[in-house]
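All values below come from the heavy atoms of this structure, side chains included, with hydrogens, waters and symmetry mates left out.
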Amino acid sequence: MRIDAHHHLWDLSRRDQPWMDGPWADPIRRGYGPGDLAPHLTGHGIDATLVVQSSSSYEETAELLALAAGEGPLAGVVGWADLRDPALAEILAALPAPLVGIRHQVQDEPDPDWLVRPDVLRGLRTLAGAGLVYDLLVTPRELPAAHAAVRAVPELSFVLDHAAKPAVARGDWQPWADALTALAGLPNVSCKLSGLVTEADWDAWRPQQILPYARHVLESFGPGRVMFGSDWPVCTLAAGYEDVVALAESATSHLSAPERSDVFGGTAARVYGVGAVRGQAAGAYREKPTGLAAEAPPSRALVPPPDVADGASS
C-alpha cells in the first residue's frame, strides 16, 4: 500500500488561513478539496492518505474528521488541539475516528522552548494516553526543544514534519544536520520526507540541491522510520505533485524494495495505525465537491480557547 502521509485540505469560504500572509500565497489562495487531490493519487498509485490540520481550529479538525469518515483514501486525520488545556483528555475523547494524531504550529510560537513548558509536556502525555501521535512542526530553531520533549515523553510516538524545514535555499547544513541526527537517536520519533521543495528556491531548485537533505533524513532515521508526504497543495508553490513524488523516488532509489515500501507506506501505516483502504480508493473522491462540505458535529471540543490564534502551516 502506498500512502501519502502529509497533505492539506482547506475551504477559504469557511475560514481564512492566516499563515497565507502575503502575495507569496496567492497561487494557493483558494479552496482545495478531495476532488482536487484525487487525480494525483490515481496517477501515482497512492492508496491512502493522511490529511493534516492547517489552522489552530477545532472546527477545521471536526470537518476533516467528518470528511474522512466517508469512503475514500483519506485514512486518518492529524488534527489540532490545545495541548495546554486541562480538559484535553475530555476534548480528545469527544473527537471521533479516524483521528490519528495532533499537531500545533510550534514554529510560530515566540518561545523556542514552548514544547518543554510543563503544561505542554502534560498535554503530550495526555496524547500518549489517548493512543495518538504528535506531529512536530518545527524549524531548526526549535529542534533542541523538540529533542527534549521527545526524550521527556518516551511513551508518545512523535513524527517530525518536513525534516524540521532546513534552509535549503541558503544551503545551510549545520546545525540542522547534527540536530536531526541527535533527534533520530531517540526511538520514539519518525520523520516525514516532505516539504523540502518549499524550503528550496521555488523558481530555481534542482534535485541535486535537495537530495542531500533527503538522504541525510534516510541515513539518520533509517527507512523504517521515514514516511513520504507530498505536502500538497503547499508544495505547488514550488513543484507539482509529480515532481515531489519523483524527488522522493530519486532519494530512495538506492534502497531495497522492502525499504522503499516502508518509506512509501509501511512506516506511516505502523506509526499512525492506518492501513485498510475504504471504498474505491482515490476514485471514491471523484464525485465529491471541491470544498470541505462536511458539517462539524456539535461538541464542546469545537469551541477553541480564546487565546489561541491560527498559525502558519506547510
### Message
Could you go through Val153 and Tyr134, starting from their C-alpha distance and side-chain angles, then the distance that decides it, and tell me whether this counts as side chain to side chain contact (heavy atoms under 4.5 Å, CB included)?
### Response
CA-CA 11 Å; Val153 193; Tyr134 186 69; over 6 Å; no
### Task
Go through the steps for Arg270 and Asp262 under the test side chain to side chain contact (heavy atoms under 4.5 Å, CB included), then give the verdict.
CA-CA 9 Å; Arg270 288 192 302 272; Asp262 272 344; 3.0 Å; yes
#### Entry: Residues Val51, His7; criterion side chain to side chain contact (heavy atoms under 4.5 Å, CB included); working and verdict
CA-CA 5 Å; Val51 63; His7 70 85; 3.7 Å; yes
#### Entry: Check against side-chain hydrogen bond (donor to acceptor under 3.5 Å, both in side chains), Ser54 and His8
CA-CA 7 Å; Ser54 56; His8 304 286; 5.0 Å; no
#### Entry: Criterion side-chain hydrogen bond (donor to acceptor under 3.5 Å, both in side chains) on Asp82 and His104, from CA distance to verdict
CA-CA 8 Å; Asp82 183 3; His104 176 66; over 6 Å; no
### Worked check of side chain to side chain contact (heavy atoms under 4.5 Å, CB included) between Val226 and Thr267
CA-CA 6 Å; Val226 174; Thr267 300; 5.6 Å; no
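The stretch residues 170-197 participates, sequence neighbours left out, in these salt bridge (charged side-chain N to carboxylate O under 4.0 Å, His left out) pairs: Asp135-Lys192, Asp161-Lys192, Arg170-Asp172.
Closest approach of Leu115 and Ala149 over heavy atoms only: O-CB, 4.0 Å. Heavy atoms only, all atoms of each residue included: Leu99 and Leu132 are closest at O-CD2, 3.5 Å. The shortest non-hydrogen separation linking Gly265 to Ile3 is O-CD1, 3.4 Å. Listed here is the closest heavy atom pair of His44 and Arg2: O-NE, 3.1 Å. Across Tyr213 and Ala167, no two heavy atoms sit closer than the pair OH-O, 4.1 Å. When all heavy atoms are compared, the tightest approach of Ser55 to Trp80 is O-CB, 3.9 Å.
Ring geometry for His40 versus Trp232: interplanar angle of 30 to 60°, hence tilted. Using cut-offs of 30° and 60° on the angle between ring planes, the pair Trp19 and Trp24 is tilted.
Side chain of Arg151 to backbone of Leu186: no donor-acceptor contact under 3.5 angstrom is found. Counting only distance, with no hydrogens or angles, the side chain of Ser194 and the backbone of Phe228 share no donor-acceptor pair below 3.5 Å.
Scored by the side-chain contact (heavy atoms from CB on, under 4.5 Å) test, Thr181 finds His216, Ser220 as partners (sequence neighbours excluded).
The one candidate from Glu63, Glu59, Glu60 that meets the salt bridge (charged side-chain N to carboxylate O under 4.0 Å, His left out) condition with Arg15 is Glu63.
Using a cutoff of 4.0 Å between basic side-chain nitrogens and carboxylate oxygens, Arg29 and Asp26 are scored as salt-bridged.
Taking CG from Leu137 and CG from Leu160, the interatomic distance works out to 9.0 Å, rounded to the nearest 0.5 Å.
No close placement of the Trp205 and Trp202 rings is indicated, their centers lying 6.0 Å or farther apart.
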